[in-house]
Amino acid sequence: MAMNFITRSTHHFTQLYSKLIPIQCRLCGAFCRGQVLCYDCIAELPQIEMACPRCALPTFSAQLCGRCLSKPPEQHASMSLYKYQDPVDRLIADFKFKDKLYLSQFFAEQMVSKLNSRTLPELLIPIPLHPHRLKQRGYNQSFELAKSLSKYLTIPVSNNYLERIINTQSQSSMPFKQRKKNIQHAFRATDKQPPQHIALIDDVLTTGHTANAAAKTLKKVGVITIEVWTIARTIRHD
Ligand SMILES: [Zn+2]
Ligand SMILES: [Zn+2]
């Protein structure tokens with residue numbers, strides 16, 4: 001609890017501080033005002049321009065990709081900002097493992113500008129961490145990102161609809177097939193009735209198995225339209 005307080009305070013302090021005096025860009029060290037990255041570094045981030053609307057895989061025409069045509073994922077739409085490659089992977093590692101929570105505000109700002117005029121969901125649901133994992137890390141990076149998005153979009157955020165019941169991250173030594181099977185049962189819906197249109201929030205869309213399992217769980221309890229919004233997407237990993 002004390003650690004959370006310190007993290008939050010540091011977060012607010014950094015936000016305030018960055019608006020008052022120049023801070024150094026996290027990537028190149030140049031001094032910039034009010035941003036965690038300088039404009040040059042932001043411009044060079046590997047943006048996903050056109051992508052499959054269903055799974056966010058980069059495509060040439062923004063049409064459904066072959067995989068979504070033959071075997072569509074559970075979610076109805078996906079939006080990812082960047083390709084998961086250098087330096088985005090470093091920024092996300094900072095955000096996830098080094099308590100650089102103020103990066104959530106930067107990522108949220110960038111994500112909001114990409115949402116354009118789409119019909120917004122009624123609720124943001126962060127992909128939950130297993131309680132053991134949450135205790136280890138002290139915060140859920142997806143919840144932090146969802147909270148920042150919620151402020152910009154004025155959509156409520158809640159982590160009370162979905163629980164992670166299998167600690168899949170601790171199974172990295174297991175055979176791939178076994179892990180894939182486990183992830184399918186990793187989530188449980190709570191008894192709270194979710195609205196019909198929601199967005200799942202996560203940091204990276206990798207194989208898609210996690211988002212798929214979470215979406216499937218929520219569909220079973222009546223959610224009709226599910227979107228998956230992530231900071232980055234791994235380009236074909238499975
Ligand atoms: Zn820079
Ligand atoms: Zn696709």
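Ligands are counted one by one from 1 in listed order, and the atoms in each one are counted from 1 as well.
For the pair Arg164 and His130, the tightest heavy-atom approach, listed with the atom from each and the gap, is CD-N, 3.4 Å. Taking every heavy atom of both residues into account, Asn167 and His132 meet most closely at ND2-CB, 3.9 Å. Residue Pro128 comes nearest to Asn140 through the heavy atom pair CA-ND2, 3.7 Å, listed as atom of the first residue, atom of the second, then distance. Summarising the geometry of Thr190 relative to Leu162, their closest heavy-atom pair is CG2-N, 4.2 Å, with the distance given to 0.1 Å.
Inspection of the environment of the Zn ion (ligand 1) yields the following protein N, O or S atoms under 2.8 Å: Cys25 SG, Cys28 SG, Cys38 SG, Cys41 SG.
Atom NE2 of His185 has more than 12 heavy atoms from other residues, nucleotides or ligands within 6.0 Å.
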Review item, side-chain donor-acceptor pairs of residues 37-56, under 3.5 Å, at least two apart:
{"from": "Arg54", "atom 1": "NE", "to": "Gln75", "atom 2": "O", "distance (Å)": "2.8"}
{"from": "Arg54", "atom 1": "NH2", "to": "Pro73", "atom 2": "O", "distance (Å)": "3.1"}
{"from": "Arg54", "atom 1": "NH2", "to": "Gln75", "atom 2": "O", "distance (Å)": "3.4"}

